[in-house]
Each structure stands twice: as C-alpha cells, then as structure tokens.
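Down below is the structure, laid out as structure tokens.
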Amino acid sequence: MLIKGNILNVFTDEIYPGEIKIEHGIIESIKEVNADFNDIIVPGFIDAHIHIESSMLTPSRFAEIALRHGTTSVIADPHEIANVMGMDGIDYMIDDAKKTPLKYYFTAPSCVPATKFEKSGATISPNIIDNLLSRPEFVALGEVMDYNAVISNEKSILEKIKIAKKYHKPIDGHAPLLSGKNLQKYVKHGVITDHESTTKKEVAEKKRMGMKIMIREGSESKMLEKLIYSNCDFIVSDDLKPEDLINGHLDKCLRKAVDYGMDPYEAIKLVTINPAEHYNLNAGSISPGKSADLVFIDNLRDFTVKRVVINGNTIFKKQKLLFRANPRPIDTTLHVSLTKPEDFDLKAQNPAHKSATVNLINVSDNTIITKQSSAKLSIQKKTIIPSVFEDILKISVVDRYGGNTISNGFVKGFGIKNGAIASSVSHDSHNIIVVGTNSEYMSRATNHLIENKGGLAAISNQAKLDVTLPIAGLMSDKPAKIVANNSAKLNELVSNMGCELSSPFTSLSFMALPVVPEVKMTTNGLFNVNTHQFIDIIKEEK
C-alpha cells in the first residue's frame, strides 16, 4: 500500500511531499517525491493519560468519537471501574476496547482503593499488579495517587512500584501541590510523571526532579493556557465528559496550544512522539518500522482531521467512520437501600443550642482543589440547617457497597438555590455523592439514582432529569451523542437551579477524592488531605 501527502517529520520539524510504503500495517519506507499535495500527514494522536469511564462511555463508544478527531492511541487508567468491580471491571474495559480499531494501552491501577480512609468496592493487590504488568497491553503502573503512602514507605505501594521496575515499565504519578522534601521522597521511589501541576513554579520544581509533566486539558481542569510555556512533555485529557469529547479531543488541544502561542511542531510532539517514546509504543512518528497510524489534517492552525489511518487501514474519511461499536451490558447494581430525608440531617449535639459553627468544603470552578473554611449556621428542631442565601449547602456521601452508611457535611460554591444533584460517579471509590438545599430533595435525587442503577440526577421544584449509567454506575452503552445530549440538558437544568460552575457534575465527582487537597467528603466523614486526618463537622455550638 502507498499513501501520499505532505509528511510532517517530528524529528526534523519539516514538512515535505512524500510517499509512504506500508506492509502488514507497518511503515516499510518513505520516499520524498516532487508533487503538490493539499493535506498534511502527521502521526496519529496519543492521549497519554485518560480515564475512559469519566466520559461516561464504554471504550468502544469513546472510540466512535475519538477516532474522528485523529486519536489513534490512548493510555487508559481503568482505576475508576476497578474501584467498583475490581478485575471484573478491568476485564470489561479490555474486552470492549479490543472491539475497536483505536489502540488502547492500559496502566495497572496502583491505588484501589485510592486510600484506606474510604469505602470502595474492590482492592487491587500487588499480586494483581504483577499479573497485569506482565501483559503487553499494560504499559505502566497507573498514577500513584496515595503519595502520602509513598512518602511514609508503606509496604503495599512500594511493592507495586518494585513490580513496575521489575517489568521495566514507567510509574505514573499524581502529586498535587507536593513540594520540597516530600516531593523528593516521592520521586526517589521512581515516580516519573505528574498531571496535577497547576502553576509554572510547581512545574519547574518537578522538572528539576526529573519528572515529566503532563498538561491536563480536560473537562474540569484546564491548564493548557496557564502552563503553555512551562516546558511540559505531554498534553492529556485525564477526564473528559461526552459533550466536550464530541466537539474535539487532542485536535482541539492542538488548536488551542497554537492559539496560545506554542510552536505547532512542538505541540504535535506532545501528543505523538513524546508519549510513544515514554510508554514504549510502536507509534508516534512517520518512520520505517513504526505502525502506520496516520492522520491527514488541513493545516497547522486548525488541525481539522480529514482522514485517519490505523495499521495502514483507513478508519475515517470524508466524515464517515468505518467502525461501529456494540458494547455488551454488565450486571452491576448499586448495593444500597432507598433513603429517607432524615438520613441526610446533621443533628446538633445539644438540642438547646440555637447555632453551630461548622467546617465546610469550599469549591472553585475549573479546579479539583478545594479549601477548608467555616461558617455559622442555625439549628432548627435539633438539626443544623444550611444557608442557601450564603451558598452553604448540604453534601452527603452514601455508601453504595452494602454498608448503608451516610456521611453528612456542608459545602460552599455550588450556588444551587433549590433542589439537589446526585451522582454515582465520585472519584475514586464511586460511592453516591449528593449536594442539595435540603434533605427532602437530597433523598429524592439519591433514590432516583438508585432506581436507575447508577448515573446522574438533578431535581428541583420545577423539573427532574437524569443520565442513566447502568455499567458499573459509571458508563452508558448508548452512543456518545445521546449521552452528551442528555448530559447537556441535565447541566442546563442545574444551571437554572442557580449553579454557576461550568461542569457541576464533574466538580461534584471530585468532592469525595481524598488524595487531592485540601478537604473532601468520604464515607467516613470530612477528611483533610494535607494532614491525613478526619475533621469534626461541628466546631462549636451555642
């Protein structure tokens, strides 16, 4: 097979007309020719860090959209479904991924559960990590989220790191705001990448330690513009909701990078040769011996994808995708009883008191980092009441794994004026998380979600909408456009309820993640990530 066009060379930063000879899916040779071509051929795009489950799509449904945008490979960490279903969930992701031409490579989930301070549905032991990393489709140890365990030399996580070294596979990191001696302790054990940096200063310190930095440009955390001149190594999605995916993937990131001032040749390297070399993939460049994974684009400003070739086979051309997904369902119900409004009440310690000062979570838009603050709330009928006027709402985490426990607290930043939103997507253990203006709404939203066997739900005094996610309570088997449309309608309802967060359900999903500073809500209560200690919700009553 011969493919002709203007070839972009990632080694020499040049474009020249050429002819690519392909045999058995591999580039055999490249010959420069004297001809005029319109399109530019670039290596297929590689997303070096993504959790497919966060798109609410199965791997095959994700591929139906990502392929259209020039993505030919992804490095997927299946720790979301692993937290819910363990190896059964990981096997589901692998099996579904094999049914698509998109090349799925996986990382072995290193922290399932993310920490010992919350309830999850499974545990991934060092023996399982050994089994996974011995397989060719697993190219790295997944992000080591529990950095405190590494710093403290806890046996289990160090054993997993040792296994990765045995197989000569890289160790992905997760080190938000980690600095100084603790960062050096973390890096000393061999953790090599980070996608949590939010400032140029943070990037610089980690780069000096030898870490490779991923610029995260996902649905919730958008760091591309902020870190564009920070000498980073990859551009990644991490978490990408379906309504964002259908509007672009790495092609959109490249467009943004160039708009922000990055050299287009450098930008392309961040999604081609850099991840390919780091994860030892036979891709990333148009050169002899590499897989014939090619993308035809119009120019180095718009990056409009015209044609996609994988292993020498055309997968997408003339706006037509030559592949259709057919994911199988799996039986993964939520093991939780229906709730009552009083389950979401936070009782005062002394019924005679009229007010209470409480600790709460402060949420900001476009970041998963939260802050701790306090507020004075009134007590009515022995129950501490939220203050909608001050944007102090109730937040609860419901154990979905058979414990039937509910932890209640307070949060500021969602802006909801009436109603509640609930989700069975809450990183990383994926218990049910709900925020609302009162216990009645919170119970109704939670019960609606339980009856749907997982998903997202919003309920107000005017409407009730949902997105059903029957696959592990994380994913839908429906096509991306249907999921995206339902998700967009749901977000519109939440906006009408008063919420000003750009991605309310994405923000909500990170309120239970006890490995990202500063405070989070878990099945065991309010947790300070920095001190690794639980905090009393009630500070003082009067």
Side-chain angles (χ1 to χ4, degrees), residues 48-49 77 79 107 110-111 113-118 140-162 164-165 170-216 218 220-236 238 278 359 361-364 366-373 427-428 510 513-520 522 526-535:
H49 180 72
D77 185 344
H79 76 207
T107 63
S110 65
C111 298
T115 72
K116 60 186 177 183
F117 299 105
E118 59 179 341
L141 182 66
E143 57 179 299
V144 182
M145 305 184 69
D146 195 354
Y147 50 83
N148 281 308
V150 178
I151 294 166
S152 303
N153 294 317
E154 291 186 14
K155 182 180 177 181
S156 179
I157 191 64
L158 294 189
E159 192 173 343
K160 293 173 183 178
I161 289 173
K162 184 178 179 181
K165 292 177 179 178
I171 301 160
D172 282 340
H174 167 109
L177 305 181
L178 201 61
S179 180
K181 291 182 179 179
N182 284 340
L183 175 62
Q184 296 196 38
K185 288 179 182 179
Y186 188 63
V187 174
K188 180 187 73 173
H189 288 287
V191 181
I192 194 64
T193 69
D194 180 71
H195 59 275
E196 295 287 346
S197 297
T198 56
T199 66
K200 293 180 181 179
K201 181 180 178 181
E202 190 176 357
V203 169
E205 183 179 8
K206 290 172 181 175
K207 291 287 286 185
R208 291 189 188 109
M209 298 298 109
M211 299 188 84
K212 294 183 179 181
I213 303 300
M214 299 172 171
I215 302 177
R216 177 167 56 192
E220 174 63 14
S221 183
K222 301 178 188 296
M223 291 292 115
L224 189 54
E225 184 175 13
K226 202 171 187 180
L227 302 179
I228 196 75
Y229 298 114
S230 299
N231 190 29
C232 295
D233 301 275
F234 315 100
I235 297 174
V236 304
D238 195 8
H278 180 73
N359 288 309
I361 303 170
N362 268 68
V363 183
S364 299
N366 291 322
T367 179
I368 62 177
I369 293 174
T370 55
K371 297 293 184 181
Q372 179 182 340
S373 65
H427 303 285
D428 276 332
F510 283 104
L513 182 57
V515 292
V516 174
E518 178 175 52
V519 283
K520 295 293 188 287
T522 76
L526 188 63
F527 185 74
N528 186 303
V529 180
N530 297 333
T531 64
H532 248 212
Q533 293 179 329
F534 286 98
I535 313 165

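A donor-acceptor pair shorter than 3.5 Å can be found between the side chains of His189 and Asn153. Checking Thr370 against Asn362 by side-chain atom types alone, no donor-acceptor pair falls below 3.5 Å.
For Lys206, the salt bridge (Lys or Arg N to Asp or Glu O under 4.0 Å) test picks out Asp194, Glu202, with sequence neighbours left out. For Glu154, the side chain to side chain donor-acceptor pair (under 3.5 Å) test picks out no residue, with sequence neighbours left out. Taking the side chain to side chain donor-acceptor pair (under 3.5 Å) definition, one finds that Ser179 meets it with Glu205, sequence neighbours left out. Not counting sequence neighbours, the partners of Asp238 by the salt bridge (Lys or Arg N to Asp or Glu O under 4.0 Å) test are Arg216.
The side-chain heavy atoms of Val144 and Ile171, taken from C-beta on, include a pair separated by under 4.5 Å. Side-chain contact check for Ile235 versus Met214: every heavy-atom pair is 4.5 Å or farther apart. At least one side-chain heavy atom of Ile157 sits under 4.5 Å from a side-chain heavy atom of Cys111. Using a 4.5 Å heavy-atom threshold, the side chains of Val187 and Met211 count as touching. Between Lys212 and Phe234 the shortest side-chain heavy-atom distance falls below 4.5 Å.
The distance between the ring centers of Phe117 and His532 falls below 6.0 angstrom.
Between Lys116 and Asp146 there is no salt bridge, since no side-chain nitrogen of the basic residue lies less than 4.0 Å from a carboxylate oxygen of the acidic one.
Of all heavy-atom pairs spanning Val203 and Cys232, the tightest one is CG1-SG, 4.1 Å. Here the closest non-hydrogen pair linking Asn530 and Asn528 is N-OD1, 2.9 Å. For His174 against Tyr147, the heavy-atom pair with the smallest separation is O-CD2, 3.3 Å.
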Practice problem: Could you check Thr115 against Val515 for side-chain contact (heavy atoms from CB on, under 4.5 Å), going step by step and ending with a plain yes or no? | Solution: CA-CA 7 Å; Thr115 72; Val515 292; 3.2 Å; yes
Exercise. Show your reasoning for whether side-chain contact (heavy atoms from CB on, under 4.5 Å) applies to Met223 and Thr198.
Key: CA-CA 7 Å; Met223 291 292 115; Thr198 56; 4.0 Å; yes
Quiz prompt | Worked check of side-chain contact (heavy atoms from CB on, under 4.5 Å) between Ile215 and Val236 | solution = CA-CA 6 Å; Ile215 302 177; Val236 304; over 6 Å; no
Quiz prompt | Trace of the side-chain contact (heavy atoms from CB on, under 4.5 Å) decision for Val363 with Lys371 | solution = CA-CA 7 Å; Val363 183; Lys371 297 293 184 181; over 6 Å; no
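Of the inter-residue distances, the one linking Leu227 atom CG with Thr199 atom OG1 reads 7.5 Å to the nearest 0.5 angstrom. Considering CD of Gln184 and CE of Met209, their distance stands at 4.5 Å, rounded to 0.5 Å. Lys520 contributes atom NZ, which lies 11.0 Å from atom CZ of Phe527 (distance to the nearest 0.5 angstrom). Between the CD atom of Glu196 and the CD1 atom of Ile213 there is a distance of 11.0 Å, given to the nearest 0.5 Å. Atom OG in Ser110 sits 4.5 Å away from atom CG in Leu141 (nearest 0.5 Å). Interatomic distance, OG1 of Thr107 versus CG of Asp77, reported as 3.5 Å (0.5 Å rounding).
Applying the salt bridge (Lys or Arg N to Asp or Glu O under 4.0 Å) test to residues at least two apart or on different chains, none of the pairs has a partner in residues 171-188. Counting only residues at least two apart or on different chains, no side chain to side chain donor-acceptor pair (under 3.5 Å) pair has a member in residues 222-232.
Other residues, nucleotides and ligands contribute more than 12 heavy atoms inside 6.0 Å of the NZ atom of Lys165.
The closest donor-acceptor contact from the side chain of Tyr186 to the backbone of Asn148 lies at 3.5 Å or more, if one exists at all.
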